[in-house]
Protein chains: 2
Amino acid sequence: MAKPPKENSPITEHLAYLLAQANREINRQLEMRLSKEGVPVEQWRILKVLSDGNGHSMGELADAVLLNHPTLTKMIDRMVSDTLVYRVQDPKDRRKVLMYVSDRGKALSRRLNSLAVSQEEHIVESYGDKSTNELKRLLESLIGSAN
Amino acid sequence: MAKPPKENSPITEHLAYLLAQANREINRQLEMRLSKEGVPVEQWRILKVLSDGNGHSMGELADAVLLNHPTLTKMIDRMVSDTLVYRVQDPKDRRKVLMYVSDRGKALSRRLNSLAVSQEEHIVESYGDKSTNELKRLLESLIGSAN
DNA sequence: CGCCAATCCTTGAATATTCAATATTCTCAA
DNA sequence: TTGAGAATATTGAATATTCAAGGATTGGCG
């Protein structure tokens, strides 16, 4: 039974460590799948978020895809070079830049998404449907309570 | 009820995303606490693992603290400069380098550990004892099934 | 024994991220 | 209306990480 860790308990009993370890492992697996398309996990996230077709500001997007602002700016620079996305200045508020996905980006997004879905199906197979759903529920709740 | 995500479901329903988000948030909180001592989370992990007093090879350590080998080597370089840890060539197998924690490192490790424990207590307070334990159990099991 | 592949760690170059500072635009109150 | 301060995004320098290659040692097989 897991208890709140004491000073001398092993690091593997810390929630922060378990989260890091699980994230690292699952992320590595996803990365392997996405490498078929030659893009990092973050670009999948970006394309997926933008695929609703609405313009998203850089700030919104940075929050949504879990990247710091300058990191996102530079990654978007690369994606613009690859003609996956494009910038439009927001006419309502010209401090903002709205990001949109191009047709090429949409097509890539579909392929990436199918790889990501297949990964999750693979996890569900070995880990179980019930556990997966329960874990997701708990993570959502943790995230909610952490803000 | 969480289902295996479909092609068009939002990214927030992907396990990989929820893990990344939760990890980012908890890690950020921990980082804030540890900043009192001016060390990154990874150094807490390193010191904690080494605090059993046994020598750990770089390979072992890299796995345990979730860092790639070259990254660990360079971080250990810094910690050696700070006289927190030291290297000893393994006499049984001279390809290996065994890492040990210094007295200064031990003292720092105790202070860091107390900060980390207090963070987890804080999480338990707002998130609940039951949820925390259940989440840990599920994460352990996910990690186990992912290997 | 002697050699060759495997293991272990480190290095240097290429790449990516972060921090602090900057430019632009907007908000709002005096 | 205008000017100070807040919000937004980007840039450049400093820092950190990663990738590919290398050096040292070991293990084991012919």
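Excluded from the calculations below are hydrogen atoms, water molecules and symmetry mates; all remaining heavy atoms, backbone and side chain alike, are included. Order of the sequence lines fixes the chain letters, A, B, ..., with proteins taken first and strands second; residue numbering starts at 1 for each chain.
Put simply, A/Ser57 has a side-chain N or O that comes within less than 4.0 Å of OP1 or OP2 on D/dA9. Proximity of B/Thr73 to the phosphate of C/dT11: no side-chain N or O atom is located under 4.0 Å from OP1 or OP2.
The side-chain heavy atoms of A/Ser118 and A/Arg33, taken from C-beta on, include a pair separated by under 4.5 Å.
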| request: Applying salt bridge (charged side-chain N to carboxylate O under 4.0 Å, His left out), run through A/Glu134 and A/Arg137 and close with a yes or a no. | output: CA-CA 5 Å; A/Glu134 180 69 358; A/Arg137 197 186 62 73; 3.2 Å; yes

| request: Could you walk me through whether B/Arg95 and B/Asp93 pass the salt bridge (charged side-chain N to carboxylate O under 4.0 Å, His left out) test, one step at a time? | output: CA-CA 5 Å; B/Arg95 289 170 303 182; B/Asp93 181 343; 2.8 Å; yes

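Of the two residues contacting DNA chain D, namely A/Glu31 and A/Arg87, the nearest-nucleotide position lying further toward the 5' end is that of A/Arg87.
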| note | Quick tally for nucleotides 16-23 of chain C: nucleotides whose base has a protein heavy atom under 4.0 Å get B, sugar-phosphate-only ones S, the rest -, giving -BBB----

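From B/Glu120, atom CD reaches atom CD of A/Glu13 across 9.5 Å, with rounding to the nearest 0.5 Å. A/Leu50 contributes atom CG, which lies 7.5 Å from atom CD1 of A/Ile46 (distance to the nearest 0.5 angstrom).
Summarising the geometry, the separation between CG on B/Asp77 and P on C/dG12 is reported as 11 Å, rounded to the nearest angstrom. Separating the CG atom of B/Asp63 from the P atom of C/dT7 is a distance of 14 Å, rounded to the nearest angstrom. Atom CE of A/Met58 is separated from atom C1' of D/dT10 by 9 Å (rounded to the nearest Å). For the pair B/Glu60 CD and C/dC8 P, the computed distance is 10 Å after rounding to whole Å.
Counting only residues at least two apart or on different chains, the ring-ring contact (aromatic ring centres under 6.0 Å, His included) pairs with a member in residues 23-60 of chain B are A/His14-B/Trp44.
A salt bridge between B/Asp103 and B/Lys106 is present, with a side-chain N of the basic residue lying under 4.0 Å from a carboxylate O of the acidic one.
Looking at A/Thr83 and A/Ser102, their side chains never bring a donor and an acceptor atom within 3.5 Å of each other.
The stretch residues 88-101 of chain A touches DNA chain D through A/Arg95, A/Lys96, A/Val97, each having a heavy atom within less than 4.0 Å of the strand.
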